[in-house]
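Let me begin by presenting the structure, written as structure tokens, before commenting on it.
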Amino acid sequence: MNGVQHKAFSLMCASAYCIFTGDIVNATSFITAPIGAATPDIDHPAKKENKLIRAGAKSLNAAINTAVMFVGAALGAAFILPMIFPTQMKQFAGITGSVQSIGIKYFIWIVSIIGFIILKEWTVRSKVFKWAASHRGITHTLIPIGIVLLGRQMLFSSNGIFTNLIDGYLVGLSSHLFIDSFNKDKCPLLFPITTKGVGFPISIPTKNVKACWMCVIIVGALLNILAYWFKYIK
């Protein structure tokens, strides 16, 4: 599905949500549902947002490595130099003593810094991390929905305009994963158990625009009919 199709389907899902809840206040979901629907594809290589995130992550990684190198070198020197050159360093007893005490006191920092670098490099080079950062990776799992739900519960204990907007965002986010489950590649909804795509038996090629639009319209209409049925007829 392309971006327009995802947004159109999210609005149809927002309509079904309003029908099912029977609350006109939930019409605010029409505002944030398209935003939620656009979020999972932020990992797409062609997206400007993705390029900015990758550039920012690269710069942040370089800054962290540089900071770690300087801090580690300073603490290491403060701890080791007085042991190697005790006589020479006596000339700077006033300075060396305080610096050495800092080095000894925070020696654990040196170990932690080394451990941090090893863990970071091991993580970013792992197959799981590369998969998670690629298209249809972590953003196409249930984890983002869980994070938003947790944040909603923690920050907004009572119903209000912000809660309704977040609910709309969740509707859009969920609609993206739901409709993508009809595509050939499916969605890795069972991650971290498996990265294999999970979805419906129907496999619609993403590039088949007409088939995708038919899927959006038919599935969206059925959701609205079901919402009306369970709310007013059943």
Side-chain angles (χ1 to χ4, degrees), residues 1-17 20 29 32-58 120 122-152 166-227:
M1 305 292 172
N2 59 37
V4 176
Q5 290 164 343
H6 275 300
K7 291 181 177 69
F9 185 68
S10 72
L11 292 175
M12 298 181 79
C13 289
S15 172
Y17 172 67
F20 184 75
S29 61
T32 50
I35 300 174
T39 302
D41 276 347
I42 198 172
D43 59 10
H44 197 285
K47 293 284 186 180
K48 292 181 180 180
E49 298 88 345
N50 178 271
K51 294 178 180 179
L52 288 173
I53 290 173
R54 288 183 179 276
K58 187 176 181 180
K120 178 176 68 69
W122 176 81
T123 301
V124 298
R125 296 174 190 274
S126 67
K127 291 182 179 180
V128 175
F129 182 87
K130 290 180 179 178
W131 168 85
S134 63
H135 183 49
R136 286 185 183 264
I138 195 72
T139 61
H140 282 71
T141 68
L142 297 176
I143 292 177
I145 295 177
I147 293 174
V148 176
L149 278 172
L150 180 62
R152 178 187 182 280
I166 293 173
D167 287 345
Y169 181 85
L170 283 168
V171 168
L173 194 60
S174 303
S175 74
H176 186 115
L177 302 184
F178 182 78
I179 202 65
D180 263 0
S181 296
F182 287 94
N183 286 156
K184 183 180 178 180
D185 296 328
K186 312 302 181 185
C187 290
L189 300 177
L190 298 181
F191 179 80
I193 298 174
T194 178
T195 58
K196 186 178 179 179
V198 178
F200 297 97
I202 302 173
S203 295
I204 302 174
T206 306
K207 294 183 179 180
N208 191 333
V209 179
K210 291 183 179 179
C212 288
W213 271 117
M214 287 181 63
C215 180
V216 167
I217 294 170
I218 293 172
V219 175
L222 285 174
L223 287 176
N224 278 269
I225 292 171
L226 287 173

request  = Could you give me the CA-CA distance, side-chain angles and deciding distance for H176 and D41, then say whether side chain to side chain contact (heavy atoms under 4.5 Å, CB included) is met?
outcome  = CA-CA 9 Å; H176 186 115; D41 276 347; 3.2 Å; yes

task = With side-chain hydrogen bond (donor to acceptor under 3.5 Å, both in side chains) as the test, would you mind laying out the steps for H135 and H140 before giving the verdict?
result = CA-CA 8 Å; H135 183 49; H140 282 71; 4.9 Å; no

ask   = Do L189 and F178 come within less than 4.5 Å of each other through their side chains, counting heavy atoms only?
value = no

Mark yes or no for whether [X], through its side chain, and [Y], through its backbone, hold a donor-acceptor pair below 3.5 Å.
X	Y	value
S134	G137	no
R136	K186	yes
N183	D185	no
D167	S29	no
S203	K184	no

request  = Could you point out which residue of L142, V198, V128 forms a side chain to side chain contact (heavy atoms under 4.5 Å, CB included) with F191?
outcome  = V128

note = Tightest non-hydrogen contact, residues Y169 and V148, listed as CE2-CG2, 4.0 Å

Nearest heavy atoms of S175 and A37, plus distance in Å = OG-CB, 4.2 Å

request  = Applying side chain to side chain contact (heavy atoms under 4.5 Å, CB included), run through T32 and I166 and close with a yes or a no.
outcome  = CA-CA 7 Å; T32 50; I166 293 173; over 6 Å; no

request  = Kindly determine whether N2 and C212 satisfy side chain to side chain contact (heavy atoms under 4.5 Å, CB included), including the steps that lead there.
outcome  = CA-CA 9 Å; N2 59 37; C212 288; over 6 Å; no

query = Has L226 got more than 12 heavy atoms of other residues, nucleotides or ligands less than 6.0 Å from its CG?
reply = yes

